[in-house]
K.L.:
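Okay, handing you the structure first.
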There are 2 protein chains.
Amino acid sequence: MDIPSGVTARKRISESTIHRLSRYFRTLSLLERENFETVSSKELAKREKLTPSQVRKDLSFFGSFGTRGLGYPVAELKAKVSKILGIDRVWRVALVGIGNIGSALVSYKEFIKQGFHIVKLFDNDQRKIGSNHKGIIVSDIKNLRTELQDDHIEMVIVAVPATVAQYIVDDVVKAEVKAILNFAPVNLKVPSGVHVRNENMEMELEYLSFAMVNNHSPKGVGKD
Amino acid sequence: MDIPSGVTARKRISESTIHRLSRYFRTLSLLERENFETVSSKELAKREKLTPSQVRKDLSFFGSFGTRGLGYPVAELKAKVSKILGIDRVWRVALVGIGNIGSALVSYKEFIKQGFHIVKLFDNDQRKIGSNHKGIIVSDIKNLRTELQDDHIEMVIVAVPATVAQYIVDDVVKAEVKAILNFAPVNLKVPSGVHVRNENMEMELEYLSFAMVNNHSPKGVGKD
DNA sequence: ATACTCATGTGAAATGCTTCACAATTTATA
DNA sequence: TATAAATTGTGAAGCATTTCACATGAGTAT
Ligand SMILES: NC(=O)c1ccc[n+]([C@@H]2O[C@H](COP(=O)([O-])OP(=O)(O)OC[C@H]3O[C@@H](n4cnc5c(N)ncnc54)[C@H](O)[C@@H]3O)[C@@H](O)[C@H]2O)c1
Ligand SMILES: NC(=O)c1ccc[n+]([C@@H]2O[C@H](COP(=O)([O-])OP(=O)(O)OC[C@H]3O[C@@H](n4cnc5c(N)ncnc54)[C@H](O)[C@@H]3O)[C@@H](O)[C@H]2O)c1
């Protein structure tokens with residue numbers, strides 16, 4: 001769906017591969033805490049309900065990280081995956097809309113663990129502007145554009161009502177922010193070069209509904 | 001792989017197709033409100049940033065809903081899609097864990113619009129048990145299994161800390177609930193026949209991170 | 001050393017998904 | 001009624017992703 005950048009000679013990596021890398025990252029963190037020194041593609045696959053080939057192929061797009069006969073060094077692989085995903089650094093994130101879902105996100109500690117630091121909050125409700133959420137003072141939405149730029153925000157989470165999401169996003173784009181995580185159930189329009197991901201919970205419930213009605217099972221897990 | 005499900009020996013429908021049907025449903029609702037009588041695959045595709053063929057193919061798995069030369073009748077197609085997704089009815093949903101994210105979900109009106117009725121809440125915190133959220137009294141988690149069964153709950157949303165999610169799910173499975181929407185960042189184990197979908201926000205942020213890191217050419221050579 | 005086992009990395013095959021291309025059907029117009 | 005325009009539904013082609021299969025390398029035991 002994303003247009004490949006045309007310039008780099010790099011092969012296009014599929015969305016599924018990236019999502020699986022996220023999952024590997026989480027599992028590697030777990031394995032590290034369980035004091036595993038190395039892990040095989042077989043073990044990783046078992047934990048993720050994938051085939052070992054899938055795991056090896058995914059990793060092979062980015063290099064050779066394993067040792068034949070042994071597997072992958074957990075800590076090292078985790079570092080590599082985190083580098084590939086670009087989470088070996090801090091991302092400065094702003095959150096717009098401190099309502100039900102917005103408030104939940106501000107207090108979510110996993111984001112910080114993965115380098116996503118919510119450092120600014122915006123709302124248009126006078127009762128919320130100026131109030132303190134987890135140490136951050138809520139800014140007036142009027143200043144969205146200037147404050148995003150002045151504070152070097154790189155990602156914005158949109159948690160406002162669907163009716164206003166596009167207006168907010170237009171401003172976000174003007175502030176030259178290139179990554180948006182959107183919770184509003186609308187198809188946002190952004191110029192090319194701006195990345196948008198939608199978080200859509202209805203979609204997952206609907207998938208469950210479909211699966212139940214159709215007795216639809218996920219793809220079978222094979223062996224290698 | 002195709003187990004005859006007793007009624008139809010139907011072709012396997014991909015996850016992407018189901019997700020797109022969810023999107024069509026949302027767009028069709030919008031078109032209905034905009035007083036469109038019919039819509040072509042071209043128009044639908046434009047709104048969803050897809051190809052017209054994709055739209056037609058998706059729908060064709062389930063029947064012929066359009067008229068050549070005219071397009072699809074909006075209201076009728078919406079009804080058909082809602083039937084396919086199984087959201088032409090009410091699903092009785094329980095929510096476990098009335099914390100940050102759980103509280104946000106209880107107040108989310110879109111769920112009800114699509115037939116997902118949250119009718120029970122569970123928590124283990126004595127301060128929360130017995131309290132009233134949007135007209136629902138929070139039940140003690142101890143009674144999870146019996147109350148899920150007595151109240152004929154068909155779907156459960158899990159919004160408890162990752163460390164306890166598996167225990168909750170084990171009980172949910174015992175209560176013969178066959179659909180789980182999980183917000184905890186863990187790979188849940190469930191017997192086959194139980195459907196689990198994971199809502200994973202870190203994953204989407206990580207995708208954005210990857211996209212940014214990889215689209216950004218090292219020396220500003222990229223024109224994209 | 002040699003043999004044996006384990007497990008990676010990777011072309012090639014298999015499978016799955018998307019797009020193409022066009023016959024078929026309907027509406028509009030003269 | 002004939003012709004042109006619009007648009008569906010679908011087999012087949014074109015791509016993309018996943019899985020297979022195996023050569024290769026590393027560790028271990030005798
Ligand atoms: N609540 C949920 O569980 C949930 C789940 C999925 C998606 N969503 C979506 O997330 C979005 C927010 O949902 P919510 O339940 O938190 O709603 P909410 O009404 O509780 O919160 C919206 C917030 O946005 C603020 N806001 C409104 N207009 C604004 C503007 N022009 N500029 C800045 N801030 C503005 C409001 O003051 C409020 O604080 C909606 O689009 C909703 O569809 C919500
Ligand atoms: N907050 C977010 O934005 C966010 C985002 C994505 C995912 N999540 C995930 O959702 C889950 C909940 O997150 P949260 O921020 O709402 O946490 P939270 O601590 O605010 O809420 C957890 C709730 O679960 C309850 N609980 C704990 N143990 C329980 C048990 N054994 N039985 C029943 N209830 C129990 C607690 O009393 C609390 O009400 C976590 O797994 C978290 O990783 C949260």
Side-chain angles (χ1 to χ4, degrees), chain A residues 1-4 6 10-24 28 31 36-74 76-77 80-81 84 207 216-224, chain B residues 1-2 10-24 28 31 36-74 76-77 80-81 84 207:
Chain A
M1 194 131 300
D2 269 15
I3 294 125
R10 179 176 269 180
K11 192 165 173 190
R12 207 202 119 78
I13 305 295
S14 77
E15 171 168 327
S16 332
T17 291
I18 303 309
H19 277 167
R20 282 191 300 266
L21 286 178
S22 284
R23 291 164 56 191
Y24 302 154
L28 288 166
L31 286 164
F36 279 68
E37 300 252 301
T38 60
V39 64
S40 62
S41 59
K42 195 174 162 200
E43 172 68 16
L44 218 37
K46 192 181 142 210
R47 296 201 179 211
E48 298 293 351
K49 294 211 191 96
L50 299 168
T51 63
S53 311
Q54 180 76 83
V55 172
R56 294 201 298 277
K57 184 64 89 181
D58 283 339
L59 296 173
S60 79
F61 291 131
F62 302 95
S64 305
F65 309 123
T67 309
R68 290 172 142 109
L70 244 197
Y72 302 90
V74 171
E76 214 176 298
L77 183 60
K80 297 278 191 192
V81 172
I84 293 164
Y207 191 96
H216 197 262
S217 358
K219 259 172 76 180
V221 186
K223 315 203 269 179
D224 203 30
Chain B
M1 174 155 261
D2 259 20
R10 188 176 264 177
K11 191 170 175 183
R12 208 201 124 75
I13 305 295
S14 77
E15 171 167 329
S16 332
T17 291
I18 305 309
H19 278 167
R20 281 191 300 267
L21 286 179
S22 284
R23 292 163 58 189
Y24 301 154
L28 288 165
L31 285 164
F36 280 68
E37 299 252 300
T38 60
V39 64
S40 63
S41 59
K42 196 176 162 197
E43 173 66 18
L44 216 38
K46 193 181 143 212
R47 297 202 178 210
E48 298 293 351
K49 294 212 191 93
L50 299 168
T51 62
S53 314
Q54 180 75 84
V55 173
R56 295 201 297 278
K57 182 65 85 180
D58 283 339
L59 295 173
S60 79
F61 292 131
F62 303 96
S64 304
F65 309 123
T67 310
R68 281 153 195 233
L70 242 198
Y72 302 89
V74 171
E76 214 176 299
L77 182 60
K80 296 278 191 194
V81 172
I84 293 163
Y207 191 95

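Worth saying up front: this structure is predicted, and the values here are computed from it rather than measured.
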K.L.:
To the closest 0.5 Å, what do you measure between CZ (B:Phe61) and CD1 (B:Ile18)?
P.N.:
9.5 Å

K.L.:
How is A:Lys57 classified with respect to the nucleic acid when contacts are heavy atoms under 4.0 Å: base, sugar-phosphate, or nothing?
P.N.:
base

K.L.:
Is B:Glu37 atom CD crowded by more than 12 heavy atoms from other residues, nucleotides or ligands, each under 6.0 Å away?
P.N.:
no

K.L.:
Respond yes when some side-chain nitrogen or oxygen of A:Arg12 is under 4.0 Å from OP1 or OP2 of D:dC15, and no when none is.
P.N.:
no

K.L.:
Roughly how bent is the helix from C:dA1-D:dT30 to C:dA30-D:dT1 end to end, in steps of 10 degrees, with each end axis from five pairs?
P.N.:
0°

K.L.:
Could you pick out which residue, B:Ser53 or A:Ser14, lies toward the 5' side of DNA chain D when each is mapped onto its nearest nucleotide?
P.N.:
B:Ser53

K.L.:
Please give, in whole Å, the distance from C:dA12 C1' to A:Arg56 CZ?
P.N.:
15 Å

K.L.:
Compare all side-chain heavy atoms of A:Ser16 with those of A:His19 and state whether any distance is below 4.5 angstrom.
P.N.:
no

K.L.:
Within the 4.0 Å heavy-atom criterion, would you say B:Thr17 contacts the bases, only the backbone, or no part of the nucleic acid?
P.N.:
nothing

K.L.:
Does any part of the side chain of B:Thr38, heavy atoms only, come nearer than 4.5 Å to the side chain of B:Thr67, both counted from C-beta?
P.N.:
no

K.L.:
Closest to the B:Ser40 side chain: D:dA21, D:dG9, D:dT8?
P.N.:
D:dT8

K.L.:
How does protein reach along nucleotides 24-30 of chain D, written 5' to 3' as B (base within reach of a heavy atom under 4.0 Å), S (only sugar-phosphate), or - (no contact)?
P.N.:
BBS----

K.L.:
Can you check the B:Asp58 CG to D:dT10 P distance for me, whole Å?
P.N.:
14 Å

K.L.:
Which whole-number value in Å describes the distance from B:Tyr72 OH to C:dT26 P?
P.N.:
14 Å

K.L.:
Could you give the CD1-to-P distance, from A:Ile18 to D:dT17, as a whole number of Å?
P.N.:
11 Å

K.L.:
How many whole angstroms separate atom CG of A:Leu50 from atom P of D:dT17?
P.N.:
15 Å

K.L.:
C:dG16 C1' sits how many Å from B:Gln54 CD, rounded?
P.N.:
12 Å

K.L.:
Between B:Tyr72 and B:Leu59, is any pair of side-chain heavy atoms under 4.5 Å apart?
P.N.:
yes

K.L.:
Can you check the A:Glu15 CD to D:dT17 P distance for me, whole Å?
P.N.:
10 Å

K.L.:
Taking atom P of D:dT18 as reference, at what distance in whole Å does atom CD of A:Glu48 sit?
P.N.:
14 Å

K.L.:
Within the side chain of B:Arg23, is there an N or O that forms a donor-acceptor pair under 3.5 Å with the backbone of B:Glu48?
P.N.:
yes

K.L.:
Verify the contact: side-chain N or O of B:Thr51 to OP1 or OP2 of C:dT19, cut-off strictly under 4.0 Å; return yes or no.
P.N.:
yes

K.L.:
Can you confirm if the NZ or CZ of B:Arg47 lies within 45° of the ring axis of B:Phe36 and under 6.0 Å from the centre of its six-membered ring?
P.N.:
yes

K.L.:
Which atom pair, heavy atoms only, marks the closest approach of A:Leu21 to A:Val81?
P.N.:
O-CG1, 3.6 Å

K.L.:
Which atoms form the tightest heavy-atom contact between B:Val55 and B:Tyr24, and what is the distance?
P.N.:
CA-OH, 3.4 Å

